[in-house]
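The block underneath contains the structure these notes are about, expressed in structure tokens.
All residue numbers refer to positions in the sequence shown, counting from 1.
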Amino acid sequence: MQNYITTENIIDTVTWLLQHQDCFDRLQFDVEQQELIVYHAAGVDVIRPNMYLTAQYGILVTS
């Protein structure tokens with residue numbers, strides 16, 4: 001599955017991201033803010049519920 005819409009369940013999002021490890025450099029979870037942060041070729045994104053993610057062409061694209 002190359003496309004994914006994030007949910008409130010952070011574990012599902014991390015699982016999807018781990019299936020596409022070639023598309024990002026690093027994951028970080030901020031415990032205080034309860035935010036998942038992804039570092040990738042196009043920059044840094046805070047992953048929030050209802051975001052559209054795609055791993056096509058070997059790069060992570062977020063909405």
Side-chain angles (χ1 to χ4, degrees):
M1 180 168 59
Q2 295 293 316
N3 303 315
Y4 179 73
I5 297 176
T6 61
T7 66
E8 295 284 338
N9 188 347
I10 194 79
I11 293 172
D12 289 343
T13 300
V14 170
T15 299
W16 184 88
L17 285 165
L18 290 177
Q19 293 172 1
H20 302 284
Q21 291 183 43
D22 58 328
C23 295
F24 63 91
D25 301 314
R26 175 170 67 131
L27 289 176
Q28 176 180 324
F29 184 73
D30 184 325
V31 176
E32 287 184 17
Q33 300 296 321
Q34 295 292 298
E35 292 180 334
L36 179 62
I37 303 163
V38 179
Y39 298 81
H40 53 89
V44 178
D45 286 309
V46 176
I47 305 299
R48 295 187 174 90
N50 300 314
M51 287 183 78
Y52 176 81
L53 307 178
T54 186
Q56 292 180 338
Y57 313 114
I59 54 174
L60 180 67
V61 179
T62 63
S63 67

Set of ring pair (Phe, Tyr, Trp, His ring centres under 6.0 Å) partners for His40, sequence neighbours left out: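 Ring pair (Phe, Tyr, Trp, His ring centres under 6.0 Å) check on His40 returns nothing, list empty.
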Under the ring pair (Phe, Tyr, Trp, His ring centres under 6.0 Å) test, residues paired with Phe24 that sit two or more places apart: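 Scan of Phe24 (ring pair (Phe, Tyr, Trp, His ring centres under 6.0 Å), adjacent residues dropped) gives none.
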Step-by-step side-chain contact (heavy atoms from CB on, under 4.5 Å) determination, Asn50 to Arg48: CA-CA 6 Å; Asn50 300 314; Arg48 295 187 174 90; over 6 Å; no
N/O donor to acceptor pairs below 3.5 angstrom from side-chain atoms of residues 25-32, sequence neighbours left out:
from, atom 1, to, atom 2, distance (Å)
Gln28, OE1, Tyr39, OH, 3.1
Asp30, OD1, Glu32, N, 3.0
Asp30, OD1, Gln33, N, 3.0

Test side-chain contact (heavy atoms from CB on, under 4.5 Å) applied to Thr6 and Leu36, step by step: CA-CA 11 Å; Thr6 61; Leu36 179 62; over 6 Å; no
Joint hydrophobic cluster, Ile11 plus Val38, side-chain heavy atoms closer than 4.5 Å: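 Both belong to a single hydrophobic cluster.
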Connected via hydrophobic side-chain network under 4.5 Å: Met1 and Ile10: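 Yes, one cluster joins them.
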Residue list, side chain to side chain donor-acceptor pair (under 3.5 Å) with Thr7, at least two apart or on another chain: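 Side chain to side chain donor-acceptor pair (under 3.5 Å) list for Thr7, sorted by chain: empty.
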Distance-only criterion, 3.5 Å: show the donor-acceptor pairs between side-chain atoms of residues 51-61 and protein atoms not counting sequence neighbours.
from, atom 1, to, atom 2, distance (Å)
Tyr52, OH, Asn3, OD1, 3.0
Thr54, OG1, Gln2, O, 3.4
Thr54, OG1, Asn3, OD1, 2.6

Heavy-atom side-chain contact between Thr62 and Ile47 under 4.5 Å: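 Contact flag for Thr62/Ile47 side chains = yes.
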Gln34 atom CD, neighbour heavy-atom count above 12 within 6.0 Å: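 Enclosed.
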Distance (rounded to the nearest 0.5 Å) between Thr13 OG1 and Ile5 CD1: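 Reported to 0.5 Å precision, the distance equals 11.0 Å.
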